[in-house]
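When a ligand or atom number is given, it counts from 1 through the structure's own listing order.
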Amino acid sequence: MAYRDLSAFLQALEAQGELVCVRSKVSPVLEISEIADRAVKRGGPALLFENVDGSSVPVAINCFASRARMWKALELASWEEWDERLEFFLDPKPPEGILGKLRAIPRVTELAAVFPKTVKSGPCHEVVFEGSAVDLGQLPILQCWPQDAGRFITMPLVITKDPASGKTNVGMYRMQVFDRNTTGMHWQKHKDGAGQARGYEREGRRMEVAVAIGCDPATVFSAIAPLPPGLSEFLFAGFLRGESVPLVPAKTVDLLVPSEAEIVLEGYVDPKERRREGPFGDHTGFYSLDDDFPVFHVTAVTRRERPVYMTTIVGPPPMEDGFMGEAVERLFLPLVKKTIPEIVDMHLPVDGIFHNLMLVSIDKRFPGHARKTMHAIWGTGQMMFTKTIVVVDADVNVHDPREVLWKALTAIDPERDLEIVRGPVDELDFASRLPCYGSKVGVDATRKWKEEGFERRWPDAIRMSDDVKRRIDALWPSLGIPGRGGR
Ligand SMILES: Cc1cc2nc3c(=O)[nH]c(=O)nc-3n(C[C@H](O)[C@H](O)[C@H](O)COP(=O)(O)O)c2cc1C
Ligand SMILES: [Mn+2]
């Protein structure tokens with residue numbers, strides 16, 4: 001059963017001891033951030049701050065900040081469960097026999113039931129503020145870090161429509177609060193929201209924008225999913241939940257918003273307008289420098305009678321977004337494998353802040369295969385940002401950093417095995433010589449072949465023979481050596 005809304009998810013977390021309600025009075029300026037940071041770094045629970053200085057609205061944070069909570073959010077018991085679920089749709093086999101056909105029916109109806117549906121009304125419209133009644137100061141918006149330029153909405157679902165195709169996009173792009181009814185709109189150049197905005201700019205038209213804050217967890221997660229442009233995040237959320245996302249027409253803009261949202265901001269972005277945004281303590285663990293970004297004018301705020309403000313903080317890893325990133329890695333791996341089939345597994349270690357390091361194992365089939373894989377990765381969606389790609393053979397476990405270091409570093413002849421390219425880099429990369437344009441490196445750490453010009457012999461990795469291991473397993477308890485005899 002899908003979570004109906006954020007409260008349903010919070011209740012489920014609380015029932016399982018995964019949520020702590022904090023009743024002490026705390027400030028949204030830096031204090032919640034410090035508490036949330038300590039909690040996530042200690043593997044702590046999600047937090048609901050009920051008494052926030054300056055606002056009557058409670059703050060939920062760290063809702064996704066552990067693997068267990070991320071699974072709960074996506075209603076999965078393991079990543080394997082997802083692989084199996086996806087396999088049915090990616091590789092459908094005609095069901096065999098009457099029993100097989102009967103068993104397939106629920107799956108097919110499940111698919112039919114996940115398209116977003118429009119409803120007439122919803123709790124997100126219980127209270128409506130328009131025009132001069134709009135005041136973002138009523139919300140407990142955080143200042144996350146000392147050098148931040150101000151308060152930032154960090155977990156918004158920014159909903160826009162493409163001017164040409166009319167297709168809806170949902171993206172999570174942070175928003176700096178400038179005053180009671182304007183914010184920044186930090187969609188980076190490469191993102192779908194920015195792409196749609198360029199369409200409005202060409203036409204010299206205002207762009208209507210709606211921002212949902214606090215929804216059921218799958219819908220929130222869909223806003224960070226790196227889907228190809230034109231593919232609906234709300235449909236993806238429906239697929240994740242196994243149930244469609246109910247959408248309701250916004251009050252003052254021509255957009256559909258999740259009817260079960262806690263808070264919705266409605267307004268517009270003027271195509272010509274830019275304003276200084278930042279600095280902001282970012283997910284790189286450093287402050288992103290100030291820069292010019294579009295401005296969001298909030299013309300209406302709608303909300304529940306008793307809303308919860310959902311937020312997160314990013315900063316030196318590991319943070320909540322690291323767990324969200326891991327979910328992206330695991331959920332998208334089966335899809336990546338469909339286009340880059342040689343990939344066996346991949347891993348983006350959390351300290352690589354998602355796109356600085358990708359470890360990928362391949363089933364190497366032809367000379368130069370590792371380099372082909374790197375270029376395929378750099379050529380696919382947001383994976384273009386990957387600064388370092390290390391390609392290893394299929395027998396290396398990319399989730400074990402020690403094994404990767406050992407086997408990858410023994411396998412390389414640096415002058416021969418580095419592939420250095422230029423191209424687009426993440427807008428948050430502050431080391432590249434130019435913004436958004438720089439270099440990336442691939443490391444071919446696969447075993448080298450004769451066909452690749454390697455004429456020497458390649459040694460086997462050391463491994464004890466199985467029969468000896470079995471004999472010693474049996475003998476171990478009698479040897480008087482402390483510790484388990486595990487291998
Ligand atoms: C907590 C959090 C904050 C984010 N903030 C931004 C941001 O300010 N700007 C941005 O372009 N992407 C940001 N992202 C990443 C985007 O949400 C992500 O790239 C997503 O795929 C964008 O949606 P789109 O593909 O529809 O453009 C953030 C992600 C997370 C998890
Ligand atoms: Mn998108």
Side-chain angles (χ1 to χ4, degrees), residues 33 36-37 40 60-65 70 73 142 144 148-149 152-162 165 167-177 183-199 209 211-214 217 219-237 277-285 287-291 293-294 296 310-315 317-329 331-332 335 348 350 353-355 380-386 424-429 435-436:
S33 192
D37 185 28
V40 65
I61 196 164
N62 283 353
C63 296
F64 300 119
M70 201 63 241
L142 305 191
C144 304
D148 283 3
F152 286 80
I153 300 172
T154 52
M155 226 179 206
L157 279 61
V158 178
I159 303 161
T160 52
K161 217 193 280 182
D162 188 79
S165 69
K167 284 189 176 160
T168 297
N169 189 68
V170 188
M172 188 169 288
Y173 317 117
R174 69 159 187 255
M175 295 153 56
Q176 179 182 346
V177 177
T183 77
M185 184 50 79
H186 189 262
W187 46 49
Q188 294 152 14
K189 254 186 205 65
H190 311 99
K191 306 299 173 73
D192 295 344
Q196 296 187 341
R198 279 193 292 275
V209 178
V211 175
I213 303 171
T219 301
V220 175
F221 179 79
S222 74
I224 70 154
L227 300 173
L231 220 152
S232 162
E233 279 84 3
F234 286 140
L235 172 58
F236 182 67
E277 197 263 6
F280 174 71
D282 222 318
H283 85 115
T284 55
Y287 285 98
S288 285
L289 304 175
D290 57 319
D291 202 353
F293 272 89
F296 176 45
M310 191 185 199
T311 192
T312 186
I313 54 162
V314 294
M319 281 278 184
E320 180 167 22
D321 67 315
F323 295 96
M324 300 169 84
E326 183 186 58
V328 170
E329 172 195 305
L331 262 50
F332 281 80
L335 299 162
L348 296 95
V350 68
I353 58 162
F354 212 56
H355 49 255
T380 306
Q382 292 186 38
M383 291 195 297
M384 69 173 145
F385 300 133
T386 315
V425 301
D426 188 79
E427 195 157 346
L428 299 182
D429 189 308
C436 301

Which atoms of ligand 1 are found less than 4.0 Å from any heavy atom of [X]?
| X | value |
| --- | --- |
| Ala223 | 17 (O), 20 (C), 22 (C), 23 (O) |
| Gly171 | 23 (O) |
| Ala225 | 21 (O) |
| Pro226 | 21 (O) |
| Arg174 | 5 (N), 7 (C), 8 (O) |
| Asn169 | 26 (O) |
| Glu233 | 26 (O) |
| Val170 | 26 (O) |

#### Entry: Heteroatom distance test (Thr154, ligand 1): nitrogen or oxygen, under 3.5 angstrom
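Among all N and O atoms of Thr154, none is under 3.5 Å from an N or O of ligand 1.
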
### Message
Are any of the N/O atoms on Lys191, whether in the backbone or the side chain, positioned under 3.5 angstrom from an N/O atom of ligand 1?
### Response
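Yes; the residue has a nitrogen or oxygen that sits under 3.5 Å from a nitrogen or oxygen of the ligand.
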
Counting distance only, does the side-chain N/O of [X] pair as donor-acceptor with the main-chain N or O of [Y] below 3.5 Å?
| X | Y | answer |
| --- | --- | --- |
| Asp290 | Pro279 | no |
| Glu233 | Gly171 | no |
| Ser33 | Cys144 | yes |
| Ser232 | Leu235 | yes |
| Asp162 | Ser165 | yes |

#### Entry: Atoms of protein origin (N, O or S) under 2.8 Å from the Mn ion (ligand 2)
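As for protein N, O or S atoms lying under 2.8 Å from the Mn ion (ligand 2), they are Asn169 OD1, Asp192 OD2, Glu233 OE2.
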
Report the distance from atom [atom1] of [X] to atom [atom2] of [Y], rounding to the nearest 0.5 Å.
| X | Y | atom1 | atom2 | answer |
| --- | --- | --- | --- | --- |
| Leu142 | Thr311 | CG | OG1 | 4.5 Å |
| Asp282 | Ile313 | CG | CD1 | 12.0 Å |
| Asp148 | Ser288 | CG | OG | 10.0 Å |
| Met310 | Ile213 | CE | CD1 | 11.5 Å |

### Message
With a 6.0 Å cut-off on the ring centroids, do Phe293 and Phe152 count as close?
### Response
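Between Phe152 and Phe293, which both carry aromatic rings, the centre distance is not below 6.0 Å.
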
### Query
For the residue pair Phe385 and His190, is the inter-centroid distance of their aromatic rings smaller than 6.0 Å?
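That pair passes the under 6.0 Å test.
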
Around [atom], find the nearest protein heavy atom and jot down its residue, atom name and distance.
| atom | value |
| --- | --- |
| atom 1 (C) of ligand 1 | Thr312 CG2, 3.7 Å |
| atom 21 (O) of ligand 1 | Gln382 NE2, 2.9 Å |
| atom 31 (C) of ligand 1 | Ile224 CG2, 3.5 Å |
| atom 14 (N) of ligand 1 | Met172 O, 3.2 Å |
| atom 9 (N) of ligand 1 | His186 O, 2.6 Å |
| atom 11 (O) of ligand 1 | Gln188 N, 3.0 Å |

#### Entry: Shortest non-hydrogen contact from Gly193 toward Thr160
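Smallest interatomic distance, heavy atoms only, reads CA-OG1, 4.4 Å.
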
#### Entry: Side chain, backbone, both or neither: Asp192 near ligand 1, heavy atoms under 4.0 Å
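Both parts.
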
#### Entry: Between Glu320 and Thr312, a side-chain donor and acceptor under 3.5 Å
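The answer is yes; a qualifying pair exists.
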
### Salt-bridge criterion met for Arg174 and Glu277 (N-O under 4.0 Å)
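The answer is yes: the pair qualifies as a salt bridge.
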
